[in-house]
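Sequential numbering from 1 along the given sequence is applied to the chain's residues. Computed over heavy atoms, backbone and side chain alike; hydrogens, waters and symmetry mates excluded.
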Amino acid sequence: MTLQDLWLVIKHYSKWVILVPIICAVLVGGAGVLWGMVNGAVYTASSTLTVIDPTGLVSSTSLTNLVNVFAQDQAELENDGDNGVTVKAEVDFSAQSIKFQVTAPGEQESMDIANRLAERTADAAQSALVEQGAAYMEAVDEMGNQSLAEEGTYINAGATADERAAALRSCFFSVSSATKAETDGVVSRVVTYFVVGILGGLFLIICVLALIDSVKRPIKCSEDIEAVTDLPVWAVSDNRQMGERLWANIQFASKGPIESICLLPASGGKQTGIKEAISKAMSGNSSGGTGDSSVHIEVCDSIGESIVGARIAKQASITIVTAACWKDTVPAFCGVLEELRLASANVVGIVLLSGEDAA
């Protein structure tokens, strides 16, 4: 399905494209309000943990990754979906910080959990750094105050063991405690659910329409017909010269004298409006008419309605097949062309009608 096809489908079913998202927005928004009334308000509090190395010897990326590991572990321990507690720990490498965002049913509860997470993470990370520093101090007794060529786990290469130990032990943590919690108000909740409903409904209706289009394959424009046949396609407009243009195109497409014309629709009943427009052009009643009224035009029902149309098409000098946008489908149209081929009908062109013009 091309973008052009999708646009034509959306344009044709514009009422549904507008109505379905609105219905979904109302339903989802109402469900969000009811859910909020049942479960009560929720509060969100945030705390931030920042790690600082005053020596500049500790790798900032490695140090932040270490703190993030402890932060994720602590967040997992505090997550409690059954009690409505949700915890997120987001790392910021540029600021060497971890932000804890806690959503809970109670205002004080959300702040307590956020602050507790930051403090526990700081304690755990500090203990790990002290242990690593102690390991480097043991290296001082064994190797002396020598420069270590290899890069350590946290320390940049080239630092001595005692320098590494001092750097790790000097790292300190700053906790920005949560002092207030933001509540998820009814208005913001309704707006959020309303937007989600609109976007979800729009996505749903577009998927459904795309599926219907791929299954039914309605004729949407002349390109759909041109994709399955080499016959010329004449789109009918509502201007006054429509009959004259159509009659001229019929004459151009015919390779011999025209004594009779069979107008055969792809589906449905007789297209008398097309006959009247061509007859006016032939009789000279329209501007620039040829004045030729000797051509007999036979208007038939579709082959699906009666096989008589195929017999008339076989006897006529030329046959014109009419198809209506959105009413006729590509498979049905191809079936009509195959029937006419078996009847050896001289099909010279296709008249494409809009859905409103189809009789």
Side-chain angles (χ1 to χ4, degrees), residues 35-36 39-140 151-156 159-185 188-189 192:
W35 180 265
N39 293 274
V42 293
Y43 298 86
T44 302
S46 300
S47 63
T48 304
L49 172 63
T50 304
V51 57
I52 302 172
D53 168 31
T55 66
L57 293 177
V58 183
S59 169
S60 60
T61 301
S62 298
L63 184 58
T64 306
N65 280 330
L66 173 69
V67 178
N68 185 44
V69 170
F70 290 105
Q72 299 301 329
D73 290 341
Q74 293 296 326
E76 186 65 26
L77 292 175
E78 292 288 351
N79 258 318
D80 189 355
D82 295 336
N83 293 324
V85 177
T86 304
V87 179
K88 292 182 181 179
E90 300 178 351
V91 59
D92 185 350
F93 286 98
S94 60
Q96 291 184 240
S97 64
I98 307 292
K99 180 180 180 181
F100 298 95
Q101 185 170 328
V102 179
T103 301
E107 180 179 6
Q108 188 62 43
E109 180 184 10
S110 64
M111 291 189 294
D112 291 342
I113 295 175
N115 294 334
R116 185 165 64 243
L117 282 169
E119 293 169 359
R120 286 182 177 178
T121 302
D123 292 341
Q126 185 73 68
S127 297
L129 293 176
V130 170
E131 290 179 4
Q132 185 65 36
Y136 284 129
M137 287 302 295
E138 293 179 2
V140 173
E151 184 176 354
T153 307
Y154 308 113
I155 311 297
N156 295 328
T160 62
D162 58 343
E163 288 174 339
R164 292 182 181 215
L168 291 173
R169 290 183 173 184
S170 63
C171 290
F172 65 93
F173 296 85
S174 173
V175 176
S176 178
S177 302
T179 57
K180 65 178 180 177
E182 297 180 357
T183 180
D184 183 11
S188 62
R189 185 180 304 169
T192 300

List the atom pairs, donor and acceptor, that lie under 3.5 Å between side-chain atoms in residues 102-109 and the rest of the protein, sequence neighbours left out.
unit_1: Thr103; atom_1: OG1; unit_2: Thr44; atom_2: OG1; d: 3.3
unit_1: Gln108; atom_1: NE2; unit_2: Asp112; atom_2: OD1; d: 2.9

What's the spacing between Ser176 OG and Lys99 NZ if we round to 0.5 Å? 10.0 Å

So which heavy atom on Gln101 is nearest to which on Ser46, and how close? CG-OG, 3.9 Å

Once you round to the nearest 0.5 Å, how far does CD of Gln72 lie from CD of Glu90? 9.5 Å

Please tell me if the side chains of Leu63 and Leu129 come closer than 4.5 Å, counting only heavy atoms from C-beta onward. yes

Nearest 0.5 angstrom please: Glu119 CD to Ser177 OG, how far? 6.0 Å

To the nearest 0.5 angstrom, please state how far the CG atom of Asn115 sits from the OG1 atom of Thr179. 8.5 Å

Close side-chain approach of Asn68 to Ile98, heavy-atom, < 4.5 Å: yes

Counting N and O atoms only, with roles assigned by atom type, does the side chain of Asp92 sit under 3.5 Å from a partner on the main chain of Ser97, one being a donor and the other an acceptor? no

Nearest 0.5 Å please: distance from the CZ atom of Phe93 over to the CG atom of Asn65. 4.0 Å

Scanning both residues in full, the closest heavy-atom pair of Ala125 with Val67 reads CB-CG2, 4.1 Å

For Thr86 against Asn79, the heavy-atom pair lying closest together: CA-OD1, 3.4 Å

Assess the residue pair Leu49 and Phe70 against the criterion (side-chain contact (heavy atoms from CB on, under 4.5 Å)); give the C-alpha distance rounded to whole Å, side-chain angles, the decisive distance to 0.1 Å, and a yes or no. CA-CA 12 Å; Leu49 172 63; Phe70 290 105; over 6 Å; no

Least distance between heavy atoms, Ser47 atom then Ala178 atom: CB-N, 4.1 Å

I'd like to check the salt bridge (charged side-chain N to carboxylate O under 4.0 Å, His left out) partners of Glu78; sequence neighbours left out, ordered by chain and number. Arg116, Arg120

